[in-house]
Amino acid sequence: MKRVRFLVRALPNDSDRQRFLRSMKSVGGSLGATVKHPRWTSYGALEVDAFTPSVQDFHLFVAAVEPLAKVEFTKNLDEPPAFKPKEKVLEEAVGYFNAERFWECHETLESVWRPAVGEERKLVQGIILVCAALVHEQRGERDVALGIYRRALPQIAWPDKTYHRIDVGRLRKNVERSLAKGDLSPFKI
């Protein structure tokens, strides 16, 4: 049976992250949902993929989680995205990045990367790699994240200061700083 995949971000009432994650998985399991791929934001919100038998089951899952946390957003990942012009896609990607929604930023940027050519394709791939690294950091996989940053750094080169409102210089400096310190802190682009 095909399950419906959702993205959920919730800010727990409980400061014990592992206990909250166990509770979320337990609540999900009792309703036929599977909670996977936990990612923690810098401010303590948990983002997960939730697989449920139906959309209605997902709504029950969210209702059961709400007493435990403030649900910040949900998104049905099985719904195809609507067509948007490149500028709108990039604006959306920046919003996702700045809200620590790195997985969504990565996915959104792929629609810009696929048709891009030359230096633009290389830059967008570098930004996607930065997003991927930050997803691994949110999962507690710092060594993997730093390795991806090392792969991203050569890609983040652009002759202008910005690329469609993305401050490429700031992006590059943050990646370089993170590599020098061995620490990945979220930043704005």
Side-chain angles (χ1 to χ4, degrees), residues 1-82 89 92-114 124-125 127-152 178 183-187:
M1 167 178 26
K2 182 173 178 355
R3 298 175 65 76
V4 186
R5 181 179 177 201
F6 290 87
L7 185 63
V8 181
R9 182 180 284 181
L11 185 59
N13 300 335
D14 187 346
S15 62
D16 184 326
R17 288 181 170 191
Q18 292 310 310
R19 184 170 47 219
F20 175 66
L21 177 58
R22 283 191 307 272
S23 295
M24 194 177 221
K25 286 182 174 187
S26 175
V27 165
S30 70
L31 296 169
T34 305
V35 173
K36 293 185 175 187
H37 314 298
R39 301 173 292 276
W40 293 95
T41 67
S42 64
Y43 62 91
L46 174 63
E47 189 173 285
V48 297
D49 294 347
F51 298 85
T52 62
S54 70
V55 172
Q56 293 78 11
D57 290 314
F58 176 73
H59 292 302
L60 288 173
F61 169 69
V62 170
V65 168
E66 285 177 333
L68 307 172
K70 176 184 183 262
V71 176
E72 293 185 346
F73 70 86
T74 65
K75 184 176 187 178
N76 185 334
L77 296 176
D78 287 338
E79 290 179 354
V89 170
E92 189 174 278
V94 168
Y96 286 147
F97 190 98
N98 291 342
E100 298 183 36
R101 293 170 71 170
F102 303 117
W103 184 85
E104 287 173 279
C105 183
H106 173 289
E107 292 293 309
T108 300
L109 285 173
E110 284 189 359
S111 69
V112 174
W113 171 74
R114 280 187 199 98
V124 175
Q125 183 180 29
I127 298 167
I128 288 170
L129 286 170
V130 168
C131 293
L134 291 166
V135 167
H136 283 282
E137 175 67 9
Q138 287 178 324
R139 295 192 72 193
E141 301 166 344
R142 176 152 302 152
D143 290 341
V144 173
L146 288 168
I148 296 172
Y149 259 14
R150 281 189 281 282
R151 288 184 18 228
S178 290
D183 176 41
L184 286 85
S185 298
F187 57 91

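Every value quoted in this text rests on a predicted model; they were computed, and no experiment measured them.
Residues Pro186 and Ser42 share a closest heavy-atom pair of CG-CB, 3.5 Å. Residues Asp16 and Asp14 share a closest heavy-atom pair of N-OD1, 2.8 Å. When every heavy atom of Met24 is checked against every heavy atom of Val48, the shortest pair comes out as SD-CG2, 4.0 Å. Of all heavy-atom pairs spanning Ala93 and Cys105, the tightest one is O-SG, 3.2 Å. The shortest non-hydrogen separation linking Gly44 to Arg17 is CA-NH2, 3.6 Å. A pairwise comparison of heavy atoms in Ser185 and Ser178 identifies N-OG, 4.3 Å as the closest pair.
Between Phe58 and Val4, every side-chain heavy-atom pair lies at or beyond the 4.5 Å cut-off. Between Arg139 and Val144 the shortest side-chain heavy-atom distance does not fall below 4.5 Å. Side-chain contact between Leu146 and Leu184: present, with at least one pair of heavy atoms (C-beta onward) separated by less than 4.5 Å. Counting heavy atoms from C-beta outward, Glu47 and Glu100 have side chains that stay 4.5 Å or more apart.
Looking only at distances, no side-chain donor or acceptor of Glu72 sits under 3.5 Å from a matching main-chain atom of Leu11. Between the side chain of Asn13 and the backbone N or O of Pro67 there is at least one donor-acceptor pair closer than 3.5 Å. Ser26 contributes no side-chain N or O that, together with a main-chain N or O of Arg22, makes up a donor-acceptor pair within less than 3.5 Å.
Annotation: Lys36, atom NZ; neighbour count of heavy atoms from other residues, nucleotides and ligands within 6.0 Å does not exceed 12.
Taking the six-membered ring where tryptophan is involved, the planes of His37 and Phe51 are perpendicular, since the angle between them exceeds 60° and thus also 30°.
The residues Arg39 and Asp49 are annotated as salt-bridged, a charged nitrogen and a carboxylate oxygen being separated by less than 4.0 angstrom.
Ring-centre distance between Phe97 and Phe102: below the 6.0 Å cut-off.
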